[in-house]
Amino acid sequence: MNNITSLMIYICNFITSYYAYSMAQKTTRYKKKIWIGIAIIIPVLLLTFRNCGTDFDTYIQYYYGIKTLKFNYGTEPLWIILNLISPSERVMLFVSGFCFMSFSAVAIEINLKEEKQLAWKILLLVFLSFFINIMRQMIACSIVLIAYAFYRKKQKTLFVVAICVAFLFHKSAIFMIVLPLLCKAFRNIQCYDMFVYILAVFMPFLSENIIVVLKRFSWYSRYIHHEMVLKVEPKFLICMIPAIMFYYISGGKRKTSKELNDTFRIYILGIPLQTLGWKVIYLDRMSYYNFYFMIVLLPFIISEIKNEKYKAQYRGLMNVWLVVFYFLAFFIGNITDSYPYIK
């Protein structure tokens with residue numbers, strides 16, 4: 001299958017799913033659930049029948065290793081269960097895709113009162129392609145975003161439970177248990193944004209000290225590989241910058257709520273994690289949790305703009321950016337190896 005045919009498949013899938021989700025926002029409670037179910041199942045089918053993704057072969061090997069009980073016993077429990085109950089690798093892809101899309105839908109519904117359709121666009125045009133590459137961690141990211149809603153609503157027990165469930169899909173999620181502490185600390189740091197950007201510059205040079213600490217966690221030692229030279233990989237960092245720009249350029253047109261500020265501060269914390277990954281292979285993947293907060297960050301920005309004219313303008317700019325981003329990052333850059341759809 002060539003890339004143009006693959007692109008047509010993705011576009012048709014995205015448009016159909018977005019239409020169903022849009023209909024869900026305009027109907028009664030019972031019909032809304034049906035439309036959201038349709039919006040979820042359409043991309044799940046896309047994820048089920050693919051034969052692409054950087055780690056696609058690895059996940060298939062995982063599947064057969066778990067089915068024959070020949071697997072790394074450090075593998076996360078819920079991922080083992082998901083593979084064991086699946087009678088085929090395609091069922092495994094279906095169930096994992098369904099978990100990701102369903103948890104993401106729940107995260108959008110409980111975090112946002114407005115601009116849910118924008119959040120669904122972000123999910124389809126940005127994070128669905130990342131899921132093709134890193135399934136376990138993206139499922140964990142979607143659960144962490146649910147946990148964030150529980151934190152904002154002061155439901156501490158549910159927050160801890162959600163983080164623990166995310167941990168059972170990907171061990172790195174346990175570090176997000178410190179979210180409440182981070183949010184409180186952020187509010188007490190003057191010039192927090194500047195502090196984070198400076199930290200990002202120096203993070204690669206602090207890598208050896210950070211490795212000493214992380215190696216005490218034996219679960220994560222296999223992810224820690226120190227580079228002798230600084231290997232700059234700006235692609236993912238560039239992905240994060242437009243959302244930051246929207247936050248700053250919209251500053252004079254909107255109010256600034258606590259939830260928007262907290263979300264933005266969590267989001268930009270992904271930048272120093274990214275630059276740390278230039279020196280310590282795989283640690284940059286920790287920033288995916290921060291990056292995933294884009295799903296609620298951009299809708300929060302739009303919601304805080306009270307002037308309808310400016311709101312429409314910024315919404316339009318975000319829509320254009322999402323389409324351009326998809327074409328540059330995934331179709332042309334193919335950063336997640338999602339093209340061609342079937343190899």
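This structure is a prediction, so every number in the text was calculated from the model and none was measured.
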**Q** Same hydrophobic cluster for Ile249 and Val320, using side-chain heavy-atom links shorter than 4.5 Å among ILVMFWY?
**A**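 Yes; tracing contacts between hydrophobic side chains, which count when under 4.5 Å, links both residues.
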**Q** May I ask you to decide if the ring planes of Phe291 and Phe130 are parallel, tilted or perpendicular, using 30° and 60° as cut-offs?
**A**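 It falls in the perpendicular class, over 60°.
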**Q** Answer yes or no: is there a donor N or O on one side and an acceptor on the other, between the side chain of Asn290 and the main chain of Ile271, under 3.5 Å?
**A**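 Side chain of Asn290 to backbone of Ile271: no pair is present.
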**Q** For Arg152, enumerate each residue passing the side chain to side chain donor-acceptor pair (under 3.5 Å) test, keeping only those at least two apart in sequence or located in another chain.
**A**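 With neighbours one apart ignored, the set is Asn111, Glu259.
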**Q** Report the C-alpha distance between Leu123 and Phe100 in whole Å, list the side-chain angles of each, state the deciding distance to 0.1 Å, and finish with yes or no for side chain to side chain contact (heavy atoms under 4.5 Å, CB included).
**A** CA-CA 10 Å; Leu123 175 63; Phe100 171 66; 3.7 Å; yes
**Q** Which residue in the set Phe14, Phe127, Phe331 passes ring-ring contact (aromatic ring centres under 6.0 Å, His included) when paired with Tyr326?
**A**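 Only one option passes, and that is Phe14.
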**Q** Using the side chain to side chain contact (heavy atoms under 4.5 Å, CB included) definition, which of the options Met318, Lys311, Lys121 pairs with Glu115?
**A**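 Single side chain to side chain contact (heavy atoms under 4.5 Å, CB included) partner of Glu115 among Met318, Lys311, Lys121: Lys311.
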**Q** With clusters defined by side-chain heavy atoms of hydrophobic residues (ILVMFWY) lying less than 4.5 Å apart, directly or transitively, does Phe103 cluster with Ile85?
**A**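 Same cluster.
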**Q** Looking at the rings of Tyr248 and Phe264, which for Trp means the six-membered one, are their centres under 6.0 Å apart?
**A**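 Under 6.0 Å, so yes.
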**Q** Test your reading of the model: is there a side-chain donor-acceptor pair from Ser129 to the backbone of Val126, 3.5 Å cut-off?
**A**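 Pair absent, no side-chain N/O of Ser129 close to backbone of Val126.
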**Q** CG of Leu93 to CG of Leu47: how many Å apart, nearest 0.5 Å?
**A**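 Those atoms lie 8.5 Å apart.
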**Q** Please tell me whether Ser22 and Trp120 have a donor and an acceptor in their side chains that are separated by less than 3.5 angstrom.
**A**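 The answer is no; no qualifying pair exists.
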**Q** Please tabulate, for side-chain N and O atoms in residues 3-12, each donor-acceptor pair with protein atoms closer than 3.5 Å (sequence neighbours left out).
**A**
{"from": "Thr5", "atom 1": "OG1", "to": "Asn2", "atom 2": "OD1", "distance (Å)": "2.8"}
{"from": "Ser6", "atom 1": "OG", "to": "Asn2", "atom 2": "O", "distance (Å)": "3.0"}
{"from": "Ser6", "atom 1": "OG", "to": "Tyr341", "atom 2": "N", "distance (Å)": "2.8"}
{"from": "Tyr10", "atom 1": "OH", "to": "Ser338", "atom 2": "O", "distance (Å)": "2.7"}

**Q** Check the orientation of Phe94 and Phe98. Use parallel for under 30°, tilted for 30 to 60°, and perpendicular for over 60°.
**A**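 The rings of Phe94 and Phe98 lie parallel, inter-plane angle below 30°.
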**Q** Scan residues 325-343 for pairs that pass salt bridge (Lys or Arg N to Asp or Glu O under 4.0 Å), counting only residues two or more places apart or in two chains.
**A**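 Qualifying pairs, neighbours excluded: Asp337-Lys343.
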